[in-house]
*Asks:* 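First the structure, then my questions, so here it is.
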Amino acid sequence: MVNWQDIDKKWQDAWREDQLFEVEPDKRPKWYVTAAFPYVSGPCHVGHGRTYTIPDVIARFKRMQGFNVLFPMGYHFTGTPIVGAAKRVASRDTKFINVLTERYGIPEESLKDFENPHFYANYFARESDLSYRKGMEWLGFSIDWRRELTTVDPHYSKFITWQYHKLWDAGLIVKGKHPVKWCTSDGNPVTDHDLLEGEGVETVEFTLLKYRLGDYVLPAATLRPETVFGVTNLWLNPNVNYVAVQVDGESWVVSEPAIEKLRQQGYNVGEAKPFKIDFSQEVEVPLTHKKVPILPAVFVDENNATGVVGSVPAHAPYDYIALIEAQQQVDLLAHSGIDPQKVMKLEPISLIEVPGFGESPAIDVVNKMGIKRQTDHKLEQATAEVYRNEFAKGKMRSWVQGYEDMPVSEAKTAVREEMLADKEAATMYEFASRPVTCRCGTPVVIKIVEDQWFLNYADETWKSKAKKCLASMKLIPPESRAQFEHTMDWLHEWPCTRKIGMGTPAHWDPGWIIESLSDSTIYMAYYTISHILKTVEAGSLNDAVFDYVFDAKGDAGKISADTGIEKGKLEQMRKEFEYWYPLDYRVSANELIPNHLTFHIFHHAQLLPKYCPRGIVSFGIAILEGQKMSSSKGNIIAINEAVKKYGADTVRIYLMSVSEPWQDMDWKTSEVEAMQRSLDRFYSLAEEIIAMPGEGATAMGQPERWMLSRLQTHVKAATEALEAFETRRAVQHSFFMIMQDVRRYMKRASTPEARTKTLKNVLDVWLRLLAPFTPHTCEELWERLGNDNFISSTEWPAVEEKKIDRGVEFSEDYVTRVIEDIAKIKKVIKAKPTKVCVYVAQDWKWKAYLKVMEKVRGGKFDFGALLKGVESELGLRLHKADLSKLLQQMVASLRETAEEKIELIKGVKIDEFSVLEEASDFMRDQLGLQVMVFISDDQARFDPENRAVGSIPLRPAIYLG
RNA sequence: GCAGGGGUAGCCAAGCCAGGUCUACGGCGCUGGAUUCAGGGUCCAGUCCUUUAGGGGUUCGGGGGUUCGAAUCCCCUCCCCUGCACCA
C-alpha cells in the first residue's frame with residue numbers, strides 16, 4: 001500500500017521551498033489563468049475542489065509546455081450571505097448551529113466568535129482545516145500564494161474605488177427605483193436565505209387598469225393589459241372587505257391587504273374607509289370607455305394585488321367559467337340588485353387570433369379539460385396554456401383599433417404604455433406565488449427602493465464594446481456563446497449597491513456599499529500587482545497609482561513624490577500588469593454566465609479596453625451521490641476529509657475524469673474508491689517497471705512498434721484534449737487507455753529485453769502525461785526513475801508522429817479479431833478442442849478482394865460483370881457457385897466498411913500469414929489452444945474438414961479440433 | 001414564457017457536429033474463474049435475447065422521413081435539468 005499522505009506532503013513542501021509557483025515576468029511566453037474566487041461562507045468541499053483542479057491541471061500542462069504560468073487565488077468577503085450566516089449564529093438558529101457544531105466540528109464555546117462576519121469569513125477562508133486555503137494547498141495547487149487577496153482588504157477597496165471613479169466619470173452609474181423583497185417588521189430588504197417560505201418566488205409586474213365608478217377608481221390588476229378590448233364586466237369577491245382609500249389624489253377601491261403593498265411601492269396612500277360594493281352599478285372600462293356590470297366571483301383573491309379583476313372571458317379561463325356560473329344562477333344575482341337580463345346578454349369578446357384555436361382559446365381549453373367550476377384547480381393549468389399560446393403565437397384581431405394585427409407579445413407593452421401615459425393605468429408588483437414569509441414570521445412585501453444605484457449595462461456604447469470583446473473570445477464549451485449573447489442583449493440596469501454586508505463604500509454615496517457581483521469584475525488585473533501592493537501602505541494608494549499601472553497614465557516619478565510609493569515599485573507593477581495581461585482564461589460556473597462572467601467582459605471592455613479577456617470556460621454544477629451539495633445544510637464532503645481518506649491525487653484525477661468541466665459532476669464514493677485502487681495499481685506497475693533490470697539495446701518487434709504507436713496516439717489525443725480543457729478525455733487516454741495497452745503489451749512482448757526497454761520508455765512519457773493530474777505521485781516516481789528535476793517543470797512529451805504506425809495497429813486489431821472469433825466458436829461448440837488451425841486467404845482471393853473493393857464503393861454495380869471479370873482476369877477454374885458465394889461475402893463485408901478503413905486496408909497490405917505466425921504464442925496463451933497457421937492453398941496443410949476454401953481476406957477460416 | 005442544455009443497455013456515461021470500423025469507449029455494479037485463497041485485494045473472463053462453428057434477432061425517449069446503410073442527418077412529439085437579477 002502506498003502512503004499517499006506522505007507523498008503529498010513531501011512534494012508540497014518541496015514545491016514551496018523551491019518557490020516553484022511564485023512567478024515573475026521573464027523571457028518566456030506567459031499564460032495567465034484565474035478561477036472565480038470562492039465566496040467564503042462555508043467549508044471548501046469537493047465541488048470547489050473540482051472548480052479549482054481544472055485550472056490547476058491546465059496551468060500545470062501549460063507550464064510543462066514551456067509557458068510562464070500565473071495562477072493566483074483570493075477570497076470573496078463582500079455581500080450578504082456571510083453577514084446573514086453570522087446573524088444566524090447570533091440568533092442561535094438551531095438548524096444552522098447544528099451544522100456548524102456537529103457537521104463542521106466547531107466547538108460550542110467558540111460560537112460567539114462566529115457572530116463576527118470577519119471572523120466567520122476568515123475561518124473558512126484560511127484559518128481552519130475546512131478553509132479554502134488549506135484545501136487548495138492539500139490538493140497541491142500550483143498557486144502563487146504571495147498574490148492572495150480578500151475583497152475587504154484596504155488595498156482592494158482602493159482598487160474598487162478607482163474602478164468606480166472611472167465608471168462614475170463615464171456616466172455609467174445611474175440612480176433609479178427598484179423593487180426588492182422587504183420585511184416590514186425588520187425594516188430591511190430580505191434575501192432568499194432570510195425566508196421562511198417562498199424561496200425563489202418571482203416578482204411579477206401587474207398593470208392596474210383604472211375602471212371608473214363615479215369619482216371612484218377600481219384598479220383591476222392584470223398581467224395582460226392588451227385584453228382590455230375584450231372586457232365584459234368586472235369581478236369583485238362578495239366575501240372580501242373592500243376599502244376606499246386616497247391614492248395619489250384619487251379614491252381607489254381595493255382589498256384591505258393591498259393598502260400596505262401600495263404604500264411600500266411608493267404610492268401616496270391615505271386613510272382607508274370601508275366600501276360597500278353595489279353590484280347594481282356599472283363601471284367604465286378605461287381606454288374603451290365602455291360601461292360594464294360588476295359581478296361577484298369567489299375566485300378573486302384579496303391577497304393577490306388589488307383584489308379587483310377585470311373579466312375577459314374569451315381569453316381567460318377563470319373569467320369564462322365564472323361568467324357561465326353567473327349566468328346559471330341569475331336568480332341569486334338578482335338579490336344583489338343585478339339585472340339578470342344584462343348578465344344573460346354578456347358574451348365573450350374575442351380580440352386575439354391564435355392559429356390552432358377557435359374563436360376563443362379560453363373556451364376551447366376549458367371544454368377540452370372539462371372544467372365546470374371556478375374552484376377547479378385545473379384552471380391554473382388552463383390559464384397557463386391559453387396565455388402561453390396567445391403570447392407566443394397570437395395576434396390582435398383586425399377590429400382592435402390602433403393595434404390591428406399586432407403580435408400579442410408587442411401589443412402587451414404597447415397597450416400598457418399608452419394607458420400609463422394617459423394615466424388610465426398604474427403599476428403594481430406582486431409575488432408570482434404566495435405566501436412569502438420572513439424568518440421572523442412577517443409576510444414579506446415588495447418595496448420600491450428609491451435612490452437605488454445601478455450600473456447602466458443598457459448603455460448602447462458600453463454594450464457594443466462588450467459585444468465586440470465577446471466576439472473575439474474563445475468560449476468553452478462553444479454552446480455557451482449563445483447564452484452570453486442573449487445575456488448581453490437582455491442585460492439592462494443592474495443594482496450595484498447594497499445597504500448591508502461587507503465591502504467597499506460607494507464613493508459618491510457612502511451610505512451604500514458596492515455589492516458583490518459589482519466589486520468582482522476586474523480583480524484579475526489586481527492579482528498581477530497584488531504581492532507588490534502588500535509592501536505599500538494602503539493609505540498611500542490613489543487613483544493616479546492605478547491609472548499609471550493599468551493605463552500608463554502620468555509619470556512614475558511624480559506619482560512617487562505625491563504618494564510616497566517608491567518609483568521602482570510603481571514601475572514594477574506596471575511591468576507585471578503589462579506582462580500578464582490580458583487574461584488567457586477565466587474559469588467559472590455556467591450559472592454565472594447571466595451575471596458575473598458577462599459583467600467581467602463589460603468591465604474589461606470599458607476599463608481595460610486594450611486587454612479584452614481571451615477566453616472563458618464555464619463549468620457544470622457539482623452534486624454529491626445524486627444530491628445537491630449545500631454547505632449550509634452540511635451536505636458536502638470537505639476537501640480536508642477527502643484528502644485524508646484518499647490522498648490528493650486520487651481526488652484530483654477522480655474529479656477530472658468523472659465528467660468534462662462543462663458537464664455536471666457527481667461525486668460517488670464507490671467510484672472514488674475504485675479510482676484510488678486504480679492509482680494504487682498504477683503505482684505498483686510503475687515500481688515494477690522501475691525495478692526491471694538492464695536496458696540493453698534490442699530489435700523492436702511488432703508488439704513493441706505497436707506499443708509505441710499506441711503511446712503516441714495517446715500523447716496526441718491527451719495534448720489535444722488538454723488544449724481544449726477536456727480533462728475527462730485527457731484522463732481517458734493518459735491513464736486508462738495507456739494502462740490497457742500496457743497490460744496487453746506485457747503479455748505480448750517479443751523478448752524480455754525489448755519489454756524492459758519499451759516499458760521504461762513508456763513510463764517516462766506516461767508519468768509526464770499524468771503529472772498535471774497526479775503531480776505528487778508523478779514527482780515521486782519521476783524521482784525514483786532517476787531524475788533530479790521536478791516533473792512539474794519538465795517538458796511535456798512531444799508527439800512523435802513518425803512512431804504512429806497505423807499499419808501495426810491494424811495488424812494487432814486483426815490478431816485480436818481472429819482470437820475473438822476463435823473464442824466465440826469455442827464457446828458455442830460442445831466439444832473441448834485442444835488445437836486450432838487458422839487458414840488465411842491465399843493470393844488470388846486478395847486480388848479478387850481488391851477488385852471487389854473498386855466496384856463496391858460506388859453504390860450499385862453489376863455483380864454478374866464483376867464475377868466474370870474476376871474469373872477471367874485471375875484465370876480461375878473454380879465452380880461458379882463457389883466463387884459467387886465468396887465474392888458475395890466480400891461485397892457484404894466491404895459494404896459495411898467505412899471508406900477510411902478501406903483506404904487503410906489498401907495501404908497496409910497486411911501479410912496475414914506472418915502476422916498470425918508471429919502472434920501464435922500469444923494466441924496460444926490467450927486461448928489455451930495449440931495454434932497452427934496455414935495459407936489456404938497450402939497442399940500440406942492439416943485441414944480435415946476442408947475449411948480453408950471458405951477463407952476470405954481478413955477473415956481466415958478456422959478449424960477447432 | 002424566454003434562453004441554454006439534455007434524454008444511450010442495472011446505474012453513471014462516451015459516441016452524434018464530419019452517417020458505415022456500433023451490441024455501441026470507459027467506469028460502477030453484478031456473475032464466474034484464477035491466485036501459497038480471509039467471502040478483502042489483485043488478475044482473467046462474462047454481463048440484451050438466442051445459437052453445438054465465428055451465425056441470427058432486438059436495442060440508443062416516442063413517431064415519421066432521407067439513405068444501399070442512422071444512436072448519428074431532417075420533421076413532429078413527449079419528458080427532464082439550469083438560469084431569468086439584487087442571490088453569491
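Sequence lines set the chain letters: A, B, ... in the order given, protein chains first and strands last, and positions in each chain run from 1.
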*Asks:* Kindly say if R947(A) contacts the phosphate of rA53(B), meaning a side-chain N or O under 4.0 Å from OP1 or OP2.
*Replies:* no

*Asks:* What distance, rounded to whole Å, do you find between the two C1' atoms, one in rU58(B) and one in rA53(B)?
*Replies:* 23 Å

*Asks:* How are the rings of F37(A) and Y523(A) set relative to one another: parallel (under 30°), tilted (30 to 60°) or perpendicular (over 60°)?
*Replies:* parallel

*Asks:* Would you please name every residue forming a side chain to side chain contact (heavy atoms under 4.5 Å, CB included) with S951(A), sequence neighbours left out?
*Replies:* A841(A), Q842(A), K845(A), S936(A), A957(A)

*Asks:* Distance between the C1' atoms of rA9(B) and rU23(B), in whole angstroms?
*Replies:* 9 Å

*Asks:* Just to verify, what does H315(A) make a ring-ring contact (aromatic ring centres under 6.0 Å, His included) with, not counting sequence neighbours?
*Replies:* none

*Asks:* Taking only side-chain N and O atoms of R744(A), does any of them lie within less than 4.0 angstrom of OP1 or OP2 on rC44(B)?
*Replies:* no

*Asks:* Could you tell me how far rA70(B) sits from rC17(B) if I compare only their C1' atoms? Round to whole Å.
*Replies:* 15 Å

*Asks:* Are OP1 or OP2 of rG26(B) and a side-chain N or O of R729(A) less than 4.0 angstrom apart?
*Replies:* no

*Asks:* Generate the contact string for nucleotides 4-22 of chain B. Rules: B means base contact, S means sugar-phosphate contact only, - means no protein heavy atom under 4.0 Å.
*Replies:* SS------SSS-----BB-

*Asks:* Without hydrogens or angle criteria, can the side chains of E687(A) and S684(A) be said to hold a donor-acceptor pair below 3.5 Å?
*Replies:* no

*Asks:* Can you name the residues that form a side chain to side chain contact (heavy atoms under 4.5 Å, CB included) with S811(A), not counting sequence neighbours?
*Replies:* Q702(A), I910(A), V915(A)

*Asks:* Side chain to side chain contact (heavy atoms under 4.5 Å, CB included), that's the test. Do I636(A) and V46(A) meet it? Break it down for me.
*Replies:* CA-CA 8 Å; I636(A) 55 152; V46(A) 293; over 6 Å; no

*Asks:* Is the shortest distance from a Lys or Arg side-chain nitrogen in R744(A) or E812(A) to a carboxylate oxygen in the other one below 4.0 Å?
*Replies:* yes

*Asks:* Can you see if the side chain of T487(A) gets near the phosphate of rG83(B) - specifically, an N or O under 4.0 Å from OP1 or OP2?
*Replies:* no

*Asks:* Heavy atoms under 4.0 Å, any strand shown: does H76(A) hit a base, just sugar-phosphate, or nothing?
*Replies:* sugar-phosphate

*Asks:* Check each residue of residues 734-743 of chain A for a non-hydrogen atom within less than 4.0 Å of any atom in RNA chain B, then write out the ones that pass by number, or none.
*Replies:* Q740(A), R743(A)

*Asks:* Can you tell me the base-pairing partner of rU31(B)? Count Watson-Crick or G-U wobble geometry only, both distances below 3.5 Å, and say none if there is no partner.
*Replies:* rA45(B)

*Asks:* Check side chain to side chain contact (heavy atoms under 4.5 Å, CB included) between A458(A) and all other residues, then give those that pass, not counting sequence neighbours.
*Replies:* N456(A), H492(A), E493(A)

*Asks:* Evaluate W512(A) against Q452(A) for side-chain hydrogen bond (donor to acceptor under 3.5 Å, both in side chains), listing each step before the verdict.
*Replies:* CA-CA 9 Å; W512(A) 293 91; Q452(A) 171 68 53; over 6 Å; no

*Asks:* With rounding to the closest Å, how many angstrom separate the P atoms on rC60(B) and rG65(B)?
*Replies:* 16 Å

*Asks:* Looking only at side-chain N and O atoms, does S516(A) come under 4.0 Å of OP1 or OP2 in rA88(B)?
*Replies:* yes

*Asks:* Please report the distance separating the C1' of rU82(B) from the corresponding atom of rG29(B), rounded so that it comes out in whole Å.
*Replies:* 29 Å

